[in-house]
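These notes concern the structure reproduced below.
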Protein chains: 2
Amino acid sequence: MNIGDAAKATGLSPKTIRYYEGIQLVVADRAQNGYRHYSEAHIHKLRFIQRARRLGFSIDVCRALLSLYEDPNRASAEVKSIARKHLREIEAKIVELQNLQGTLSHLIDHCAGDGRPDCPIMDNLSAESSALARDDRKLH
Amino acid sequence: MNIGDAAKATGLSPKTIRYYEGIQLVVADRAQNGYRHYSEAHIHKLRFIQRARRLGFSIDVCRALLSLYEDPNRASAEVKSIARKHLREIEAKIVELQNLQGTLSHLIDHCAGDGRPDCPIMDNLSAESSALARDDRKLH
DNA sequence: CCTTGACCTTACTGTAACTGGAAGCCTTAT
DNA sequence: ATAAGGCTTCCAGTTACAGTAAGGTCAAGG
């Protein structure tokens, strides 16, 4: 399998697959002409990584997961611990974004959105004290 | 005001303030000795940017907001539109993360987390068909 | 006067995870 | 023979900075 076929088989782009080789994540064999050659085992690894990336795991964590994947003596506790850490980070990010969402939608709701310059959003950013600046404090 | 004081006054680091000057966002005056000098107007701008960044606006959008901030003839509709676009992006990101959260916490719940290698998380990543791989499909 | 320490300056590198593009070789079909 | 498409490497760009090095400046103290 050449890189183009490997790309189709894994849902990754050839660019990405080359990048993964560059960082020693999945290193292909080479044909006589210099072309990369991918076996089924390579494809499995790449697919594994693609799925892990889709779940938001960083490349470094993918590397760790991949080595656990290939370790028949792994403890599922280790995998679970990695996943839990990732989950906590995702949850923290969600909370952070929800706070932004609350503040922003509140400001947007109070902006006339017409041709005049007066704008609570701007007032908030410039932090002139205003009714909305005060409201914003309540959001915390 | 030197850059250190400006940093304290705005909550930004000197590095960040220099970076903002490098990208022509807020350009300071210079003293005879080459030191940057910040007026109250500079501080206001920097504070404005700091708040906008805290709300998650990109530097490019901050630039646009800043120019609206300084335009006495601005229409609040324009500000509102920018903010709404940003809010939509935040909301999309929240949904995306919540999907990850759902999938991950589901997988984690079904992982024994003991010393044995069997692990639904790994099964999901390697996409061998399993009860949990099937469960995962239901999550969509 | 000299030193010390706290500032300030520029410039370069590194970060995450790729994507895009240039220049050129290989293969296959017409 | 040539054109199309795929492959190769290498370099640059993305975001928004932070770290570090090498060196100039300033105020205070001995």
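Chain naming here is simple, since letters A, B, ... match the order of the sequence lines and numbering starts at 1 in each.
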* Is it true that the side chains of A:D29 and A:S39 contain a donor and an acceptor less than 3.5 Å apart? -> no
* **Expected output: side-chain B:S76 to main-chain A:C119 donor-acceptor under 3.5 Å** => no
* Tell me which nucleotide among C:dG21, C:dT9, D:dA16 gets nearest to the side chain of A:K15. => C:dG21
* Residue mapping more 5' on DNA chain C - nearest nucleotide basis, A:D60 or B:P14 -> B:P14
* To do: Could you tell me whether B:E96 and B:K93 have a side-chain N and a carboxylate O separated by less than 4.0 Å?
  => yes
* Look at the side chain of A:T16 and decide which nucleotide, out of D:dG19, C:dT19, D:dT8, has an atom nearest to it. => C:dT19
* To do: May I ask you to verify if any side-chain N or O of A:N33 is less than 4.0 angstrom from the OP1 or OP2 atom of C:dT27?
  => yes
* **Protein-nucleotide distance (B:M1, atom CE; C:dC8, atom P), rounded to Å** => 11 Å
* Among C:dA17, C:dT10, D:dC17, which nucleotide sits nearest the side chain of A:I59? -> C:dA17
* **Rounded interatomic separation in angstrom, taking CD1 from A:I17 and P from D:dT8** => 10 Å
* Asked: Between A:Y20 (OH) and C:dA17 (P), how many Å, whole number?
  -> 8 Å
* Nearest-nucleotide pick for B:Y19, side chain only, options being C:dG21, D:dA16, C:dC8 -> D:dA16
* Between A:K8 and B:S13, which is nearer to the 5' end of DNA chain D once each is assigned its nearest nucleotide? -> A:K8
* Under 4.0 Å between a side-chain N or O of B:R30 and OP1 or OP2 of D:dT25? -> no
* Asked: Parallel under 30°, tilted from 30 to 60°, perpendicular over 60°: which one fits the rings of A:H106 and A:H110?
  -> tilted
* Asked: If you look at every strand shown and take non-hydrogen atoms under 4.0 Å, does A:I23 touch a base, only sugar-phosphate, or nothing?
  -> nothing
* **Distance in angstrom units between A:D5 CG and C:dT27 P, rounded** => 16 Å
* To do: Let me know the distance between NE2 of B:H37 and P of C:dC7, rounded to the nearest Å.
  => 18 Å
* Using a strict cut-off of less than 4.0 Å between a Lys/Arg side-chain nitrogen and an Asp/Glu carboxylate oxygen, indicate whether B:K45 and B:E40 qualify as a salt bridge. => no
* **Closest to the A:Y35 side chain, choosing from D:dC17, C:dC8, D:dT8** => D:dT8
* Counting side-chain heavy atoms from CB outward, which of C:dC18, C:dG21, C:dT27 is closest to A:R53? -> C:dC18
* **Separation of D:dT15 C1' from B:K93 NZ (nearest whole Å)** => 14 Å
* Asked: Nearest to the side chain of B:R18 - C:dT9, C:dC18, C:dC26?
  -> C:dT9
* Asked: Which whole-number value in Å describes the distance from B:R63 CZ to D:dC17 P?
  -> 12 Å
* Would you say A:R36 reaches D:dT8's phosphate, i.e. side-chain N/O to OP1/OP2 under 4.0 Å? -> yes
* Asked: Does a side-chain N-to-carboxylate-O contact under 4.0 Å join A:E78 and A:R74?
  -> no
* Interatomic distance where CD belongs to A:E21 and P belongs to D:dC7 [whole Å] -> 14 Å
